2 protein chains.
Amino acid sequence: MVKKKAASAPPQTALADGDAEQRILDAAHKVFIRRGTAGARMQEIADEAGVNKALLHYYFRNKSRLADAIFQRVAGAVFGRIVLVVREQSALDDKVRSIIAIYLEQLSRSPYAPGYILAELNQDPERGRQLVQMISGLRDGVAPSVLIEALQAQIDVSIRAGTIRRISAQQFLTNLVSLCIFPFAAKPLLCAMLGMDDAGFVAFIEERKRTLPEFFLNALRP
Amino acid sequence: MVKKKAASAPPQTALADGDAEQRILDAAHKVFIRRGTAGARMQEIADEAGVNKALLHYYFRNKSRLADAIFQRVAGAVFGRIVLVVREQSALDDKVRSIIAIYLEQLSRSPYAPGYILAELNQDPERGRQLVQMISGLRDGVAPSVLIEALQAQIDVSIRAGTIRRISAQQFLTNLVSLCIFPFAAKPLLCAMLGMDDAGFVAFIEERKRTLPEFFLNALRP
DNA sequence: GTCTATACGGCGATAGAC
DNA sequence: GTCTATCGCCGTATAGAC
């Protein structure tokens, strides 16, 4: 990271909007998600950003640090809002509806983010720790374990009230997140198996927005 | 691929079981799943197999072909049995129970296979086609689209009988597969977020074997 | 800050002995 | 069939001019 741009004439070359650092981040975002960290090439990022390869090292020193920055950015975008919903004061079924709506809406706009995040987590053990730290660092942030306990308490209330059947917070969350994220993480798989093109996939997700909330809430009924 | 070993004294070096080609495949399997195709190194595969790097090229000509062979092998192991279950003559809820049991059992033994397969599919468009072709080529194989249609027909019967609520075969399958595969594809994510180690993950999957069938079947109830 | 030029190492692939 | 040795490219990273 470099200190904020000092007073100086903005370079602003013809085909560039935003300063170089930002353009590099945006370019790296695209390329890392497309190729994965191991498959990404600094040259391709430079081309995409419309700058020279050396400038990437000027701003981020090496590929590994650039990759870290992008992972934080993408993971934050995917998990940030969800964590807020889990923590807010609202009924369990409202949370479910919110989470499904937010996920399907948001991931429709960046369908390859889940695949990228999962691949990163599989190939670099450090990523797990970074993720937990990132979540704990959100505004008013608490550790994930605290979130789980709070959710379990809320679930237990509904169980005792007889409105849902017995389930652990871990399985509850895993089921919910699986149903939301997997279709995007497996987009090429689904497209191949179900014979869909990109437009077909969009329609598929639209159908899912309508049907998934009741599917999930129905599964919870006693 | 090389013609089957002709009659000749088996070399059988001290620390090697099985012929070289098989050991290379097994080693490549491990390394590709661990590192991903882009991250895998021919040298690491050679070391793991206890042979020289040059021998990999003797048997498989280049890295790309070796990667193809491994992808076929892993994908076949993951999807082969499931396809058979979907096609067999049995009640819908029995199929659901079978698929969940088979997946959770089988993936417990190779938990990193899903992550590998998804990463491959995301990064190489060719993989999708290879997968469809592989499935169509199973014994008595038919194209995935035919499987879907048959499943839809079976689902429609249950809907008309009033035993399940309205759902498309696509969403049905996606939901089922999401709930089975995602926890493995996201193993490092879940371990980090839910604070589990490897033993904790095993326990988590055991709990899932008991609870997931009723969760899913419950969701289908009218 | 941004560029050009280049050093350096790693990796896939081949040649050739045994 | 299996090895050793080596080639040549490609990708990261740095040096240094502007």
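So you know, we letter chains A, B, ... as the sequences are listed, proteins then strands, and number each from 1. This is a predicted model, so every value here is computed, not measured.
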Legend entry - Arg34(B) to Tyr112(B) six-membered ring, cation-pi geometry met (6.0 Å, 45°):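 Not flagged: Arg34(B) not positioned over aromatic ring of Tyr112(B).
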Rounded distance (Å) that lies between atom [atom2] of [N] and atom [atom1] of [X]:
| X | N | atom1 | atom2 | value |
| --- | --- | --- | --- | --- |
| Lys53(A) | dA15(D) | NZ | P | 15 Å |
| Phe60(A) | dT12(D) | CZ | P | 15 Å |
| Leu66(A) | dG11(D) | CG | P | 16 Å |
| Leu55(A) | dG1(C) | CG | C1' | 7 Å |
| His57(B) | dT14(C) | NE2 | C1' | 9 Å |
| Ile24(A) | dT2(C) | CD1 | P | 8 Å |
| Leu56(B) | dG1(D) | CG | C1' | 13 Å |
| Met42(A) | dA13(D) | CE | C1' | 9 Å |

Inset, instruction - Kindly say if Tyr58(A) contacts the phosphate of dT14(D), meaning a side-chain N or O under 4.0 Å from OP1 or OP2. - result: no
Inset, instruction - Check whether the ring centres of Phe216(B) and Phe172(B) lie less than 6.0 Å apart, and answer yes or no. - result: yes
Inset, instruction - Give Asn52(A) one of three labels, base, sugar-phosphate or nothing, depending on what nucleic acid heavy atoms sit under 4.0 Å from its own. - result: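 The answer is base, as Asn52(A) lies within the cut-off (heavy atoms under 4.0 Å) of a base atom.
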Inset, instruction - Tell me what Ala46(A) touches on the nucleic acid: a base, only sugar-phosphate, or nothing, going by heavy atoms under 4.0 Å. - result: nothing
Inset, instruction - Using a strict 4.0 Å threshold on nitrogen-to-oxygen distance, state whether Asp47(B) and Arg41(B) make a salt bridge. - result: no
Legend entry - Check ion pair Asp68(A)-Arg73(A) (N to O, under 4.0 angstrom): no
Legend entry - Nearest-nucleotide 5' precedence on DNA chain D, Arg41(A) against Ala54(A):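 Closest to the 5' end, via its nearest nucleotide, is Arg41(A).
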Legend entry - Nucleotide of dA13(D), dT2(C), dC3(D) approaching Asn62(A) most closely (side-chain heavy atoms):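 Closest nucleotide to the Asn62(A) side chain: dA13(D).
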